[in-house]
Amino acid sequence: RGEGPPRAFRRRLCVRPCGRKCASSAAMVGRSDESLDVLLDLAIRAVACASRISVAVQAKHRGAGAAAWSDKGDASPVTVGDWAVQCLIVEFLSVATGVGSDLRLMGEEDADLLKDGSRDAELQEVVALLNEHFPFAEAARLDRRAGVPRGRFTEPDVIALLQRGSDAGGREGRFWVLDPIDGTKGFIRDAQYAIGLGLVERGSPVLGVIGSPNLPGPGGDVTRRAEGEGWVFAGLGDWAGAIELGDCLRRCGGDAPSGAAAAWREACGRLQVAPCAAAEAVMCESFELSHRDGDEIRPRSELLSTMADRRLDSMSKYGLVARGDAHIYLRGGSMPNKRPENLWDHCPGIPIVLAAGGRATDLNGRPLDFGTGRYLTENHGILATNGTLHVEILAEIARVSEMATSDGGAEDKKRRMA
């Protein structure tokens, strides 16, 4: 399955990883069974269909700048695209899985900003986007509720759907994790962003899908929007693949036959990380200066500071590591005093990198624990690599962190003596 890339995916991105997986990787990948295969199919369809909304919103508001978004009150932006994408995916999964309002989903967004009446224009735009872009026919084919037809969306529907994305997570059972527009500042700049959907089972991310509508093909310029391109990345068990967004959308228009997950594996180019020496490694960094946590570590490290980098917004960085365009993604500073990472920023990407042969831990080398609620409170930062470099990079981070701690202690002593 997945014997070769489609025509547009000529370059084989994958070469043999280090040969063994760490215990943390194996534990987080989980087993692939029939029910997870069904959910893989639904997740790919949901993310691909939702990308139509994000592309439409970006095109409509291109050049609008700050006028195209609202402030959530924590210095982070939110757009009508965030709300509409989250509503589409919540409704699609509710219908296609047959669980309706019992769907367990932790989403980044909520309905608070839309409920007080001060943003009626945005609320109306979300309704219009859903009625134009929701895959009504496909949802009806997949509906497990005896084919109950979905009527047109209304403003109360939007509020209700956003309120259903408030699952608290934890270690029991399964729940979805959704970031409807990751890299919102890149989205506003008409650059890179991603739609990320992951599935957590008993505290471990077992399935991930990332839609990157503006991402170029392998080796392309990630600092700008790639016209007419875009990719969908997926990972489950020991399989990870990628498919061009346009091809993915064309395939979503058909029926969902038995074995649909196998069809996606056949259609996707197989992903595998690329090994390299540290001197040739490429590190992913955020485009936004304020988001470059590695800036606390890289300047202190001769090894890391000389590495080439690829700067882009969003969790699409996981896709670059998985397909071999980059080898390291570091998130978090040298001191463990930063706010814990959000589940939705990383849950979709981890299964993809692991299935492609990479490794992912926190900056102390500990397994990532996704069973702690909405935040990774038991971990300090994130390190995702091609696997072969992981131990070396962890050791360098430990050395730099120890040096930063010593320097900080010396500065405190100077201040006390002054």
Side-chain angles (χ1 to χ4, degrees), residues 42-61 64 68-70 72 77-167 175-182 184 187 193 195-197 209 211 213 245 248-249 252-253 256 344:
L42 298 181
I44 291 173
R45 291 171 181 271
V47 168
C49 291
S51 70
R52 291 193 180 103
I53 284 181
S54 66
V55 170
V57 171
Q58 198 173 51
K60 177 179 178 179
H61 295 284
W69 56 274
S70 300
K72 291 195 283 189
V78 62
T79 72
V80 292
D82 292 87
W83 290 315
V85 165
Q86 183 156 322
C87 286
L88 183 149
I89 290 179
V90 169
E91 176 65 11
F92 184 86
L93 292 177
S94 297
V95 170
T97 60
V99 300
S101 60
D102 291 329
L103 181 77
R104 292 193 62 191
L105 186 141
M106 177 191 296
E108 179 181 8
E109 308 305 340
D110 56 41
D112 291 352
L113 290 178
L114 296 178
K115 288 193 299 185
D116 63 5
S118 63
R119 291 177 172 82
D120 284 348
E122 288 97 325
L123 180 56
Q124 291 163 12
E125 186 173 354
V126 173
V127 171
L129 285 165
L130 287 169
N131 284 324
E132 181 177 358
H133 296 288
F134 186 81
F136 290 99
E138 184 174 359
R141 285 196 300 270
L142 297 171
D143 199 334
R144 297 183 182 181
R145 304 170 303 167
V148 178
R150 180 46 163 116
R152 290 180 63 81
F153 290 89
T154 65
E155 293 178 12
D157 289 334
V158 169
I159 300 299
L161 286 168
L162 290 172
Q163 289 175 327
R164 281 165 51 190
S166 59
D167 195 275
F175 61 92
W176 296 97
V177 180
L178 171 65
D179 193 335
I181 301 286
D182 185 43
T184 307
F187 181 70
Y193 69 95
I195 299 168
L197 179 63
V209 177
L245 176 59
C248 188
L249 285 168
C252 286
W344 48 83

### Message
Could you tell me if the side chain of Thr184 sits less than 4.5 Å from the side chain of Val78, heavy atoms only?
### Response
no
### Query
From Trp83 CH2 over to Glu125 CD, what is the distance, rounded to the nearest 0.5 angstrom?
10.0 Å
### Message
Quick one, Pro213 and Tyr193 - any side-chain contact, counting heavy atoms below 4.5 Å?
### Response
yes
## Note on the structure
The complete set of side-chain hydrogen bond (donor to acceptor under 3.5 Å, both in side chains) pairs with one or both residues in residues 128-137, sequence neighbours excluded, reads none
### Query
Between atom CG of Leu93 and atom CG of Leu103, what is the distance when rounded to the nearest 0.5 Å?
6.0 Å
### Side chains of Leu162 and Val90 in contact at under 4.5 Å (non-hydrogen atoms)
no
### Query
What class does the angle between the rings of Phe153 and Phe136 fall in, given that below 30° is parallel, 30 to 60° is tilted and above 60° is perpendicular?
tilted
### Task
Kindly give the heavy-atom pair with the smallest separation between Phe92 and Leu42, and that separation in Å.
CE2-O, 3.7 Å
### Message
Walk me through whether Asp167 and Trp176 qualify under side-chain contact (heavy atoms from CB on, under 4.5 Å).
### Response
CA-CA 9 Å; Asp167 195 275; Trp176 296 97; over 6 Å; no
### Query
So which heavy atom on Leu129 is nearest to which on Ala84, and how close?
CD1-CB, 4.0 Å
### Task
Please round to the nearest 0.5 Å and tell me the distance separating atom CD of Gln86 and atom CG of Asp110.
8.0 Å
### Query
Would you call Glu122 and Leu113 a side-chain contact if the rule is heavy atoms closer than 4.5 Å?
no
### Task
Write down the atom of Ile44, the atom of Cys248, and the distance for their closest heavy-atom approach.
CG2-SG, 3.7 Å
### Query
Are any of the side-chain heavy atoms of Val57 and Phe187 separated by less than 4.5 Å?
yes
### Euclidean distance, Ile159 CD1 relative to Leu123 CG, rounded to 0.5 Å
5.0 Å
### Message
I'd like to know if the side chain of Arg164 and the backbone of Glu91 have a donor-acceptor N/O pair within less than 3.5 Å.
### Response
no
### Query
Quick one: does Asp157's side chain get under 4.5 Å of Leu130's, heavy atoms only?
no
### Side chain to side chain, Ser51 and Ile195, heavy atoms closer than 4.5 Å
yes
### Query
How long is the gap from CG on Asp182 to CD on Glu108, to the nearest 0.5 Å?
7.0 Å
### Task
Give the minimum heavy-atom separation between Glu138 and Cys49, together with the two atoms involved.
OE1-SG, 3.7 Å
### Task
Could you check Val80 against His61 for side-chain contact (heavy atoms from CB on, under 4.5 Å), going step by step and ending with a plain yes or no?
CA-CA 10 Å; Val80 292; His61 295 284; 4.3 Å; yes
### Summary
In terms of heavy-atom contacts, Cys252 and Arg45 come closest through O-NH1, 3.3 Å
### Query
Out of curiosity, Ser54 OG to Leu88 CG, how far, rounded to the nearest 0.5 Å?
10.5 Å
